[in-house]
Amino acid sequence: MKRFLYELEESWKIAAAQMRSNMTRSTLTALGVIIGIVAVTLMGTAISGISIGFDNSMSVLGDDVLYVTQWPWKPVDDWWNYRDRKKIETDYAEKINRIIASTPNSNLIVAVPTSSLMRSVKSGGNEVDGVFTLGTTSDFTVTSTIDCKEGRFFNEIESREGAQVVVVGYDVADALFPSASAIDKTVLINGQNFKVIGVNARQGTFLGLFSWDSMVAIPLTAFNKYFSSKSASDARLGAASTESDVRVKVKDKKKLAEAKDELTGIMRRVRGLSPEKKDDFSINEQQAFKSTLDPVKNTIAIAGLFITGLSLFVGAIGIMNITFVSVKERTKEIGTRKALGARRRTILLQFLIESTALCLLGGFIGLAFAYLLCFGIGKAFPSFPIQFSFGLVIASMFVSVLTGLVSGFAPAWTASRLDPVTALRYE
Amino acid sequence: MFCDANLSLVDNSSLTTRPPGAVVIDIENITKEYVMGEEVVRALRGVTLQIRRNEYLAVMGPSGSGKSTLMNMLGCLDTPSSGRYEFNGRNVKEMDDDELAAIRNREIGFVFQTFNLLPRANALRNVELPLIYAGMDPDTRGQRAEQALIDVGLGDRIHHKPNELSGGQRQRVAIARALVNNPSIILADEPTGNLDSKTGDEIMALLEDLYLRGNTIILVTHERDIAAHARRTIHLRDGVIEADQVGFGGTDISSMDHRLEPDATMTT
């Protein structure tokens, strides 16, 4: 072991001297690895960025909330079985809450109804189209983490009375009131006036997944009063009709399965289903959604890493090539070293270290570039979640070393196997 | 012309020959065959030779005589096809690559015609090389290498790179490198082949000095006046030893006296 470290140190010195004396060549060769590492590292940050953006979007759903919906949150083959199910009504929430209240040790806390529509929102000369307009109750804050930058969410009284108040998402507020605070301003939603009482903090959007930034929320009572009756005309205009569901907060997210069973029972009571009948509703949780989208995410990750990995592979071929050249033009030197007592292992190690050192150098420079690029991208596109992690640094260094070892092995092996007599005679 | 230059260095006092010691190299009936294309080349056809400690031996022969092949055998760079080869009592023929490397490292000091210094390493680093391969710690290594360079008269050139040294100085570095591990033999292959005659004489004087200080030297050459420095000469022809003589073959030793002042060789 000690002997090995000794040889390692000596080989390292030789490699460093070799790189210094062939500066141009080393730089050009390292460039291949630099590009490879930049590509792989950027792809790595993009993938972890996608993952984080995804989780951010998912967190809107909450990991301790169950969703009662007509359709399940997964692709279904037998869609006709779901199409004719009864719609979920918002007043189920009240019934569910009553049952929860009368159940001792219930795993559920509260049910919140939501209805949604796409609406345009106006204020003065500004207009935002296709805003996800949500009607709900004040209990919504229990099921979703709503972070108000300014103002507040509507309270129980406003909720019950159907006050014409609205909480707007960051992007909506920004579009309607670019230079001033949106609070206490009036916006027009479908021709109705609503007073802005809260603006959400920026959440960040990603890949068009759920984000609070482009939503507005109004009391459900008001929603039903002004919008629901117009669903027929909406259908004619091609807009989606009202979608309603009930979300139920769970006490302990570790007991999600029990909670789900309990909620299923409650829903069957609400719907008045006889025991032999199948459920005519779906209960979903964030996890189900994740398990549908995770394969997509993983496919993107694998394909991305594979393609960028190709550029690193090209870099590795460059290293292999240059190490072969190096072995060839130093054949006589290898002969001399062997005559002086260098063993096969010593020669092998020398060239392996040379190629690894080149790759590691390329890796360091590539990483520095990637860091700067990430920084630049982060500045230029703030909405793109980019993540430059310590783990990524370690991983790319590891990949660099591995590339050096793999690409250097064939030439180094050739060198170590050279016959000293032939090598010494080589001109 | 060549001869004159050589002889001008020689004084008339008698050549000092050290008494030979134990057998270092014991070769019996070795052969070496190569396959070149479809032809089998028999480079050595049964060579028997013993070399003792404190000998100064010249191996002569025209090209194609098997001289280089024999040198590769003696230097443990290659193993014979058949026959027996013992180096300090150890059977070389059975050794694998790494064992041969160890023998070369500890027992043999190579001096090449083309010097074979590492161009990017300074003199000290070049001389350190065999010690590195022997696994010596850096401090001892540096001291040993420096001393070897002082011994060959290059104490003031330690940190020079080969391209900053003259041909003679380069060969001195190579000799220092050959000496630094205290090998059993020094194997010099045409050591003056790339040098002008004056520098060549200086190198020969240095080898003479090393011999007188107790080193065993094997000189491979095709030049008669270089071989004349040795105390024993073998002539190879067609892969066999044609003649094995004390002194230089065909020349009266008394007229070829070569004793040089060791101090004088250091200052040239």
Side-chain angles (χ1 to χ4, degrees), chain A residues 1-26 326-327 329-351 353-354 357 412-427, chain B residues 32 34 43 68-79 95-122 125-138 141 161-163 174 177-181 183 187 189:
Chain A
M1 190 60 204
K2 205 178 155 197
R3 175 74 197 245
F4 181 73
L5 286 178
Y6 178 89
E7 286 189 4
L8 211 64
E9 191 194 336
E10 292 302 328
S11 302
W12 175 256
K13 284 186 195 161
I14 293 168
Q18 188 65 26
M19 286 201 294
R20 266 201 303 277
S21 64
N22 282 324
M23 212 50 190
T24 320
R25 184 204 282 183
S26 308
S326 184
V327 167
E329 68 182 14
R330 280 151 73 197
T331 303
K332 192 160 184 171
E333 179 191 316
I334 295 165
T336 307
R337 288 181 186 275
K338 287 203 160 191
L340 298 180
R343 289 183 290 173
R344 282 182 172 176
R345 194 180 71 184
T346 317
I347 301 285
L348 184 81
L349 206 62
Q350 184 192 326
F351 284 96
I353 292 221
E354 237 176 87
W413 181 258
T414 315
S416 72
R417 294 274 137 178
L418 276 175
D419 172 29
V421 175
T422 330
L424 274 171
R425 215 180 285 144
Y426 186 87
E427 287 301 328
Chain B
K32 183 71 186 180
Y34 299 105
S68 297
T69 309
L70 181 61
M71 189 206 76
N72 291 338
M73 297 293 149
L74 294 175
C76 295
L77 291 165
D78 208 349
T79 48
M95 287 184 182
D96 65 21
D97 272 22
D98 284 349
E99 286 172 308
L100 287 174
I103 285 266
R104 291 195 293 266
N105 182 245
R106 281 185 227 112
E107 308 283 6
I108 301 161
F110 286 92
V111 179
F112 301 97
Q113 179 176 357
T114 49
F115 322 134
N116 291 23
L117 300 177
L118 304 187
R120 294 174 203 99
N122 64 21
R125 183 82 185 159
N126 264 291
V127 176
E128 274 186 340
L129 213 52
L131 302 177
I132 290 174
Y133 294 141
M136 190 180 284
D137 72 275
R141 197 171 80 195
K161 292 205 171 147
N163 59 5
R177 183 177 64 184
L179 281 171
V180 75
N181 236 357
L187 189 57
D189 179 19

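Just so we're on the same page: letters track the sequence lines, and every chain starts at 1. Because the structure is predicted, anything quoted here is derived from the model rather than measured.
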Side chain of [X], backbone of [Y]: donor and acceptor closer than 3.5 Å?
X: Asn105(B); Y: Pro130(B); answer: yes
X: Lys32(B); Y: Thr79(B); answer: yes
X: Arg104(B); Y: Cys76(B); answer: yes
X: Ser416(A); Y: Leu348(A); answer: no
X: Tyr6(A); Y: Tyr133(B); answer: no

Inset, instruction - Measure the CZ-CD distance between Arg141(B) and Glu10(A) for me, rounded to the nearest 0.5 Å. - result: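 Between atom CZ of Arg141(B) and atom CD of Glu10(A) there are 4.0 Å.
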Inset, instruction - Flag the pair Lys13(A) and Glu128(B) as a salt bridge only when some basic side-chain nitrogen lies within less than 4.0 angstrom of an acidic carboxylate oxygen. - result: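 Salt bridge flag = no for Glu128(B) with Lys13(A).
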Given that the side chain runs from C-beta out, which part of [X] has a heavy atom under 4.5 Å from chain A: side chain, backbone, both or neither?
X: Thr114(B); answer: side chain
X: Leu118(B); answer: side chain
X: Asn72(B); answer: side chain
X: Ala134(B); answer: backbone
X: Asn116(B); answer: both
X: Arg177(B); answer: side chain

Legend entry - Toward chain B, the part of Arg425(A) with a non-hydrogen atom under 4.5 Å: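 Contact with chain B involves the side chain of Arg425(A) alone.
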Inset, instruction - Heavy atoms only, distances under 4.5 angstrom: which of Arg344(A), Arg345(A), Glu333(A) has the most pairs with chain B? Name it, please. - result: Arg344(A)
Inset, instruction - Identify which of Asp97(B), Asp78(B), Leu129(B) forms the greatest number of heavy-atom pairs closer than 4.5 Å to chain A. - result: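 If we count pairs closer than 4.5 Å to chain A, Asp97(B) comes out on top.
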